[in-house]
Undergrad: 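Here it is: the structure, laid out below.
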2 protein chains.
Amino acid sequence: MAMVRQTRQRAAVIEVLQASREHPDASAIHAAVRERLPSVSLGTVYRTLDALVRDGVVVTLERAGQATRYDWREGTAHHHAVCRTCGQIFDVDAAALPGVPSANLPGGFRVTDIHLEFMGVCGDCQASTNQTP
Amino acid sequence: MAMVRQTRQRAAVIEVLQASREHPDASAIHAAVRERLPSVSLGTVYRTLDALVRDGVVVTLERAGQATRYDWREGTAHHHAVCRTCGQIFDVDAAALPGVPSANLPGGFRVTDIHLEFMGVCGDCQASTNQTP
DNA sequence: CTACTTGCAAAGATTTTGCACCTCA
DNA sequence: TGAGGTGCAAAATCTTTGCAAGTAG
């Protein structure tokens, strides 16, 4: 079934994801991968990311109009805090949160993953509370 | 400041959102609005939705590759359960969830909104567990 | 009357795909 | 080998924008 063949390209994409704590988008990943394997195409990056997401080792952070950002799940579960002003994404340790129960879900719904995002304004952006010019 | 002028078009978009429990995307909203005001353009729908989101009366549900879906916040806070198989989106009453604390957030981060999504497989899709043909 | 809105259509951006060649297992 | 992966480039989507004309207040 989900047999995934090991290739140079995939190894590179995975390395980039593991090395980066910046929640990069496909384009940034592509650029980073190209530093080692200049011939890798953007299409391949998308296909690889897709496979990783299906495998559950990578999660996505999607914002309309902006490119999807990808996040390597390094063992520890974590969620995200997204600044609406500067767009920066911070990690939030899930351990500090009480387990979110699957209460009140529609009948028979089986949860495989929980996406929790705190939308708001980060400290830096609050500091510079100049109304947008 | 955020003075929003009342227009036929905006009223129609809001009515459609309030009437729909389907989490429609911009295109579906556009179609529904056109049943009353045939001349409304898709651009206007997007601009109106944008304003409503900024106002905080509408929240978005974003999935890469697919159109953003819009959700009227009818008083009660609620979250979502998204079926990975059929794409259907169910509401989850937030009242049943314990308050998600803002613990462990980056310094000074002020939360304005919480997006919580349960990803998984709905009962119907589990029932028909035929491997995808 | 005046500033804000709208329609239209074109531009932008992101993501997906078909096809011929290449490669891992 | 042979099933699956890759590159390239074009296509499909979704969303944003500029501009002239319309309209709410």
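The sequence lines fix the lettering, A, B, ..., with proteins before strands; numbering per chain opens at 1.
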Undergrad: Specify the separation, in whole Å, of atom CD1 of Ile14(A) and atom C1' of dG5(D).
TA: 14 Å
Undergrad: Could you check whether any side-chain heavy atom of Val57(B) comes within less than 4.5 Å of a side-chain heavy atom of Arg73(B), counting everything from C-beta outward?
TA: no
Undergrad: About how many Å separate OG1 of Thr60(B) and CG of Leu49(B), when rounded to the nearest 0.5 Å?
TA: 10.0 Å
Undergrad: Enter the distance from Gln6(B):CD to Arg8(B):CZ here, rounded to the nearest 0.5 Å.
TA: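 Those atoms lie 10.5 Å apart.
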Undergrad: Between dG7(C) and Arg47(B), counting only base atoms on the nucleotide and side-chain atoms on the residue, is there a donor-acceptor pair under 3.5 Å?
TA: yes
Undergrad: Please report the end-to-end axis angle for the helix from dC1(C)-dG25(D) to dA25(C)-dT1(D), five pairs per end, rounded to 10 degrees.
TA: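 Between the first-five-pair axis and the last-five-pair axis there is 50°.
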Undergrad: What is the distance, to the nearest angstrom, from the CG atom on Leu49(A) to the C1' atom on dT14(C)?
TA: 13 Å
Undergrad: How many angstroms lie between CD in Glu62(B) and CD in Glu117(A), if you round to the nearest 0.5 Å?
TA: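 Result: 8.5 Å between the selected atoms.
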Undergrad: Kindly say if Thr7(A) contacts the phosphate of dT23(C), meaning a side-chain N or O under 4.0 Å from OP1 or OP2.
TA: no
Undergrad: For Leu37(A) and for Asp50(B), locate the closest nucleotide of DNA chain D by heavy-atom distance; then report the residue assigned to the nucleotide nearer the 5' terminus.
TA: Leu37(A)
Undergrad: With DNA chain C as reference, determine whether Leu42(A) or Thr48(B) sits nearer its 5' end, using the nearest nucleotide of each.
TA: Thr48(B)
Undergrad: By the 4.0 Å heavy-atom rule, please label Ser27(A) as base, sugar-phosphate, or nothing.
TA: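 Result for Ser27(A) = nothing.
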Undergrad: Which of the following nucleotides, dC14(D), dG5(D), dC8(D), is nearest to the side chain of Tyr46(B)?
TA: dC14(D)
Undergrad: Please give, in whole Å, the distance from dT6(D) P to Arg36(A) CZ?
TA: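 Roughly 16 Å, once rounded to whole Å.
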Undergrad: dT23(D), OP1 or OP2 - any side-chain N/O from Gln9(B) closer than 4.0 Å?
TA: no
Undergrad: Does Arg34(A) or Gln6(B) map to a spot on DNA chain D nearer the 5' end, using the closest nucleotide for each?
TA: Arg34(A)
Undergrad: Could you give the distance from OG (Ser20(A)) to CZ (Arg69(A)), rounded to the nearest 0.5 Å?
TA: 9.0 Å
Undergrad: Rounded off to whole Å, could you give me the CD-to-P distance for the Gln66(A) and dT15(D) pair?
TA: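 Taking atom P of dT15(D) as the reference, CD of Gln66(A) is at 12 Å.
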Undergrad: Only pairs at least two apart or in different chains count here, so list each salt bridge (Lys or Arg N to Asp or Glu O under 4.0 Å) that has a residue in residues 24-36 of chain B.
TA: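 Non-adjacent pairs meeting salt bridge (Lys or Arg N to Asp or Glu O under 4.0 Å): Glu15(B)-Arg36(B).
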Undergrad: Which whole-number value in Å describes the distance from Arg10(A) CZ to dG4(D) P?
TA: 11 Å
Undergrad: Determine: side-chain N/O of Arg8(B) to OP1/OP2 of dT5(C), distance under 4.0 Å, yes or no.
TA: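 Arg8(B) to dT5(C) OP1/OP2: no side-chain N or O under 4.0 Å.
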Undergrad: Hey, is the side chain of Ser41(B) poking within less than 4.0 Å of OP1 or OP2 on dT6(C), counting only N and O atoms?
TA: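 So the side-chain polar atoms of Ser41(B) never come under 4.0 Å of the phosphate oxygens OP1 or OP2 of dT6(C).
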Undergrad: First locate atom CG of Leu105(B), then atom CZ of Arg110(B), and finally report the distance between them rounded to the nearest 0.5 Å.
TA: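 One finds 12.5 Å between CG of Leu105(B) and CZ of Arg110(B).
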Undergrad: Would you say a side-chain N or O of Arg5(A) is under 4.0 Å from OP1 or OP2 of dA3(D)?
TA: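 Checking Arg5(A) against dA3(D): no side-chain N or O falls below 4.0 Å of OP1 or OP2.
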Undergrad: Rounded to whole angstroms, how far apart are NE2 on His30(A) and C1' on dA9(D)?
TA: 13 Å
